[in-house]
4 protein chains.
Amino acid sequence: MDSRPGYDRKLLNILRTAASVFAEKGYSRASIRDISGATGVSLSGLYYYFGSKEELLYLIQDHCFATLLTRLEEDLEGVADPECRLRIFVRNHLHFFVANMEEMKVLSHEAEVLTGDFRSRILDKKRAYAGALAGILSELREPEGGTGSEAVENALPPRGEGATLRTTTFVLFGMMNWIYTWYDPERDLPVEELEQTILHLFLHGVLTPPAPDGEVRLPETSRMGRSSIWRGG
Amino acid sequence: MDSRPGYDRKLLNILRTAASVFAEKGYSRASIRDISGATGVSLSGLYYYFGSKEELLYLIQDHCFATLLTRLEEDLEGVADPECRLRIFVRNHLHFFVANMEEMKVLSHEAEVLTGDFRSRILDKKRAYAGALAGILSELREPEGGTGSEAVENALPPRGEGATLRTTTFVLFGMMNWIYTWYDPERDLPVEELEQTILHLFLHGVLTPPAPDGEVRLPETSRMGRSSIWRGG
Amino acid sequence: MDSRPGYDRKLLNILRTAASVFAEKGYSRASIRDISGATGVSLSGLYYYFGSKEELLYLIQDHCFATLLTRLEEDLEGVADPECRLRIFVRNHLHFFVANMEEMKVLSHEAEVLTGDFRSRILDKKRAYAGALAGILSELREPEGGTGSEAVENALPPRGEGATLRTTTFVLFGMMNWIYTWYDPERDLPVEELEQTILHLFLHGVLTPPAPDGEVRLPETSRMGRSSIWRGG
Amino acid sequence: MDSRPGYDRKLLNILRTAASVFAEKGYSRASIRDISGATGVSLSGLYYYFGSKEELLYLIQDHCFATLLTRLEEDLEGVADPECRLRIFVRNHLHFFVANMEEMKVLSHEAEVLTGDFRSRILDKKRAYAGALAGILSELREPEGGTGSEAVENALPPRGEGATLRTTTFVLFGMMNWIYTWYDPERDLPVEELEQTILHLFLHGVLTPPAPDGEVRLPETSRMGRSSIWRGG
DNA sequence: GATGAATGAGAATTCATTCAT
DNA sequence: GATGAATGAATTCTCATTCAT
């Protein structure tokens, strides 16, 4: 993925720097001049890499989402148990989030600014990703059939099972995505514990004490050793 | 400052309209011209009511937070049981959020744009509010002492009880605040059910089925009949 | 003069305060709001006293010039000796300047901003005043005839006696008027010595040492005891 | 900063044109739009050459002063006699003033509008320049020692020799600088005679008739043939 | 691949002024 | 006499973008 044509090292570096500028100042308060300053590339030189500021944002979000999705697919491969699948989803999401806080902040915070084609392409990925989680949650409750994703994508049925699944899905996303507003790696729990806390909360609630010997842990995936343009790997 | 009723009514109207413009386009993409258009007040006329665009944002956020805090205090008064207090907090937060979606979106989404004094004054209110929730959660787990708010406000102890409480607090906020990104009153569960869902999730987790006769319900407060400049009342 | 109809106490007070604001910030950088703030009169309330900002400047300059001219006439009355008349002119100009530094700064510095009728009325007074000095200087060199003022007012003769007289006149004005840029009553010579220094310089030059027993002094006029709205009297 | 000849030439041209606009309308009444119109450069294009209107004024004043100072140093080099040095100072000042009336008007008239660093940098140059004149005047009266510049720069001694020197210095500057308010090259004496008149007045006063064969003249400097971006050369 | 120079459009804000009360 | 509320016009400055080189 990191070596797909069109995503060469220089562009990737620009995307990363731009993401960090956007994360700090916000997309619309950040100017291309800021990005020129942060990257060291001249103002007009940047336009060789993207056609417009909006495309720059698109590229950041797209690349971020694509990586997230790819990894998720890899990690879920071959795992059938719904609870396991949920654990993998949450772990993947949180680890990636914390390792790539700036990009994920841009993804979460600047979700509505893209327009036209850029917007719909990102929306597609977002729906696919949310659908994946909805599918897992759906299986978790009624392990028999369906992917669950329809309930998130479509408006029907408006109030009932579908609406509850949709709610549960986004409530879980809320628990996770909101961390960009408060999580400080140096002050807060390490990601692994954050993951355990969130998972336990979601599955059993605060009133249920965690199992004395810790939550059931998944075997370590190969996630840690991966090389990546994403800083956290 | 100015407390004549005409001035107040007009200002409040401007705040509400501006909040809705900010909610739709985002604070920095929205221009004062947009607000002039939406309110029907001339561009320069607006500056009679606020000194700068940033102050306008501050006024919106401050008024929103102030109302939220006031109501919370009123509703919590005299209630001692931690779980009850938690239910009241969540109910208050969610009802207010859904009734004043635009202001709350501005409060949640544009949290970082304020600077200087404006920023710190809002931060104070925010810390007080988050501290209130942390205090409740603290009592919920260990009903004996302390308000819990120190753990959210201070960095100590960095990893341990404090960090877990902090995490739990913000995870709950995440569940609730994230709704501005997805909740659609016409499509999704009514607020009351949303409230039940979130509370149940937080207290008992997804794996525990809700009690067959519904969650324990609090006696209805007089919240519904209140008059207010906030649309939801 | 200070009690002419149209120049009542309140207006005079506004003129004085406005002059001080204009002196400090410059006419065009000062806003009517500044003057409202400095006077304590509301923005719109000021317009009862003058029709426009430009008229306000005109009133300040006109009143200042009128006082200057009136006093000059009074003091010169009955004095025939050219050198005495010159001493009186310089004394009058400098004392008034130092006593009313702010108004005189406005008069000197904002000479070109008035337009139309306002401008020409002030120009008339200025020409009369400069003509008076030119007349005195003319007599000083060739005590026989003419008032000398034509040479300053008209362009003819362009180069010769007239041009020299004009030059001498404005060079003397330069010596005096420039003080608004540097004179500090607490640091520099008292006005009486400033007056002596300038007069000696103009009459005898730096290379001629002053007479050992001081310059010839005029009998004290009644200038000092005069009451006036002008702070210095 | 940028020293490519094209950039420099263009900037210098902008400075000259802007100086003329500022001279005519006054710094604060002149808009960047006016300067855009006068230079033919687009409004925003101007900001490539300076960061703010205030910096534009600074650049004009700084360049003007720098040239003035450089020339003065060149011309004074090797001249020891105080009276000669004074003649050179006055000649340099007046010739430059008349040749660059617009810039010098901006320098004289808009002395107080600069703030912060811009202000203090110009003030430094101004103090150095005034100090140079004070030094010459000091030697002229008491040819033994000291530069005289301390008396202008410091407040001590507040009243006495220092204050008189300060006064004399600024009175001479007044004679010269005031010309921007009245001097018209087509109507008034040519610069050379203006120079003679002012010098004679300052040294010997009006009551001393000029020597029949003219004032002592310095040998012509090469000033006339100099090429310069300043129109007067 | 890269950049200096330039620009049109639009941003926030200020200002002198007005007018109903 | 005096003022609160309002406004049109103008101001400085920023921004995304372009294009010749």
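Lettering follows sequence order; numbering is per chain, from 1. For clarity, every value in this text was computed on a predicted model and none was experimentally measured. Computed from heavy atoms alone, side chains included, the values below leave out hydrogens, waters and symmetry copies.
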Can you tell me the distance, in whole Å, between the [atom1] atom of [X] and the [atom2] atom of [N]?
X        : N       : atom1 : atom2 : answer
Arg29(A) : dG10(E) : CZ    : P     : 21 Å
Ile35(D) : dT7(E)  : CD1   : C1'   : 18 Å
Arg33(B) : dA9(F)  : CZ    : C1'   : 11 Å
Ile14(A) : dG1(E)  : CD1   : P     : 11 Å
Leu46(B) : dC15(E) : CG    : P     : 17 Å
Phe50(C) : dT18(E) : CZ    : P     : 12 Å
Tyr48(C) : dA16(E) : OH    : C1'   : 21 Å
Asp34(A) : dT14(F) : CG    : C1'   : 11 Å

Inset, instruction - Let me know, please, whether Ala30(B) or Ser31(C) comes out on the 5' side of the other along DNA chain E by nearest nucleotide. - result: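 This one resolves to Ala30(B).
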
Legend entry - 5' precedence on DNA chain E between Leu43(D) and Tyr47(D) (nearest-nucleotide basis):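 On the 5' side of the pair lies Tyr47(D).
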
Please determine, for the side chain of [X], which listed nucleotide ([options]) has the closest atom?
X        : options                  : result
Ile32(A) : dA16(F), dA2(F), dA6(F)  : dA16(F)
Ser44(D) : dT12(F), dA6(E), dT14(F) : dT14(F)
Lys53(B) : dT11(F), dA12(E), dA6(F) : dA12(E)
Val41(A) : dT3(E), dA16(E), dG4(F)  : dT3(E)

Measuring from atom [atom1] of [X] to atom [atom2] of [Y], what distance do you get when rounded to the nearest 0.5 angstrom?
X         : Y        : atom1 : atom2 : value
Ile60(D)  : Phe65(D) : CD1   : CZ    : 14.5 Å
Arg121(C) : Gln61(C) : CZ    : CD    : 12.5 Å
Leu107(A) : Leu57(A) : CG    : CG    : 9.0 Å

Legend entry - side-chain N/O Lys10(C) vs dG1(F) OP1/OP2, d < 4.0 Å: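 Result: no.
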
Inset, instruction - Give the ring-plane orientation class for His109(B) versus His109(A), where under 30° counts as parallel, over 60° as perpendicular and anything between as tilted. - result: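 The arrangement is parallel - the two ring planes meet at less than 30°.
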
Inset, instruction - Assign Tyr49(C) to base, sugar-phosphate, or nothing according to its heavy-atom contacts below 4.0 angstrom with the strands shown. - result: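 It contacts sugar-phosphate atoms only.
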
Check: [Y] main-chain N/O paired with [X] side-chain donor or acceptor under 3.5 Å:
X         : Y         : value
Lys53(C)  : Ala30(C)  : yes
Arg119(B) : Val113(B) : no
Arg16(C)  : Leu12(C)  : no

Inset, instruction - Map Tyr27(D) and Ser42(B) onto DNA chain F by nearest heavy atom, then report which one ends up closer to the 5' terminus. - result: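 With Tyr27(D) and Ser42(B) compared, the 5'-side residue is Ser42(B).
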
Inset, instruction - Toss me the dot-bracket line for DNA chain E: Watson-Crick and G-U wobble, both under 3.5 Å, 5' to 3', using | for pairs to another strand and [ ] for crossers. - result: .||||||||||||||||||||

